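Worksheet: the structure to be examined is printed underneath.
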Amino acid sequence: MLHPALAPPGLTEWITGFAEEAVARGDVVIYPSGIGRSWNDGRGGRTTVAEWLDADDLGYISGAVKTVAADYPGRPLYIVGMSSGGMLAMRILCQSQESGFGGLEIAGAATVVSSLPGRLVQDCEPQAYSDLLMIYGDDDWILPSSGGDIFFLDFLFGNILSRDETVEAFRKINGCEPDPITLRLNRNEDGSVRNQAFFDDCESQKFVEVMTLENAGHTWPGEPQWLAWLTWRGGVSDEVDATNYILDWMDASKARKQKKGVPE
């Protein structure tokens, strides 16, 4: 689990409850901590402490994963990240051939309010294909789904692709047909609408899913709304609980692998 910028692992776990729920399901969770509560996520421009120090976050995370994986042989590896942590997850997918993940198959990645850094798209060459889930809020002012240059207090914090450009990049990487199955759901009938697109006809035999939550900001779906307002990150959708949704998605991914005869 890769934390967002400025939110260390303990705070991220308090917000999401991800490790608690995952462990209850029998999963093993690693919570790396980035230098200065930040990641060298690939945006460039020295936008974070980790980028200023040129931190080898890919090597750091791959080393941590290999150490833990040695005690749990055969377990599939999933990378989950929010915001900058999600961008780092995408960077790991793109640069897995050169990041120290050699020999470790990444079964899948799930990102929340994250897009692919613009400078990575030309050289995104995964060592193997992975299932991918991307969750966005359509009212995210911190990392807007429209992409482009990211400014905060007149400082440039790098450049990201838009949601649609990010989806298109990974659709092409996985060789998916361009016409997904789409759904529009409103479980609570209160305006917390979710729009989903499923790309399941892919040459890679992987599964790419995109969820966009209406009226949601730069938030983890299901986190306390008061906390999101207190930190100026916008609305929280109650249409879906991201923690349980991601874990259910991981279980479905594992089941597809077993059905194809690929052992966990």
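The model shown is predicted, which means the values in this text are computed figures rather than measured ones.
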What is the distance from atom OG of Ser38 to atom CG of Leu88, rounded to the nearest 0.5 Å?
-> 10.5 Å
With distance as the sole test, does [X] use its side chain to make a donor-acceptor pair with the main-chain N or O of [Y] at under 3.5 Å?
X	Y	value
Ser253	Trp249	no
Trp39	Thr48	no
Arg91	Pro117	no
Ser96	Cys94	no
Ser115	Thr166	no
Arg119	Gly42	yes
Tyr60	Ser33	yes
Asp138	Asn215	yes
Thr212	Tyr136	no
Thr111	Gly86	no

4.5 Å side-chain heavy-atom contact, Leu2 and Ile61 = yes
Among Lys206, Arg256, Gln205, side-chain hydrogen bond (donor to acceptor under 3.5 Å, both in side chains) partner for Asp131 | Arg256
According to the interplanar angle, ranging from 0 to 90°, do the rings of Phe198 and Phe207 count as parallel (below 30°), tilted (30 to 60°) or perpendicular (above 60°)?
-> tilted
Output all residues satisfying salt bridge (Lys or Arg N to Asp or Glu O under 4.0 Å) with Arg37, sequence neighbours left out; order by chain, then residue number.
->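 For Arg37 there are no salt bridge (Lys or Arg N to Asp or Glu O under 4.0 Å) partners, ignoring immediate neighbours.
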For Arg194, what residues pass the salt bridge (Lys or Arg N to Asp or Glu O under 4.0 Å) criterion, not counting sequence neighbours?
->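 Result, salt bridge (Lys or Arg N to Asp or Glu O under 4.0 Å) vs Arg194: none returned.
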Using a side-chain heavy atom cutoff under 4.5 Å and only I, L, V, M, F, W and Y, what cluster partners does Leu53 have?
->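 Joined to Leu53, directly or through intermediates: Ile35, Val49.
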Only pairs at least two apart or in different chains count here, so list each disulfide (SG to SG under 2.5 Å) that has a residue in residues 197-238.
-> Cys176-Cys202
Qualifying salt bridge (Lys or Arg N to Asp or Glu O under 4.0 Å) pairs with a residue from residues 10-29, counting only residues at least two apart or across chains =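 Counting only pairs at least two positions apart or across chains, the salt bridge (Lys or Arg N to Asp or Glu O under 4.0 Å) contacts touching residues 10-29 are Glu21-Arg25, Arg25-Asp248, Arg25-Asp251, Asp27-Lys254.
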Apply the test side chain to side chain donor-acceptor pair (under 3.5 Å) to residues Tyr31 and Thr12: give CA-CA distance (whole Å), side-chain angles for both, the deciding distance (0.1 Å), then the verdict.
-> CA-CA 9 Å; Tyr31 253 117; Thr12 302; 5.7 Å; no
Would you please say whether a donor-acceptor pair under 3.5 Å links the side chains of Asp41 and Ser84?
->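 A pair is found: one side chain offers a donor N or O, the other an acceptor, under 3.5 Å apart.
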Taking only residues two or more places apart in sequence, or in another chain, which ones meet Asp140 in a side-chain hydrogen bond (donor to acceptor under 3.5 Å, both in side chains)?
-> His218
Cluster overlap Val65 with Met1, hydrophobic side-chain contacts below 4.5 Å | no
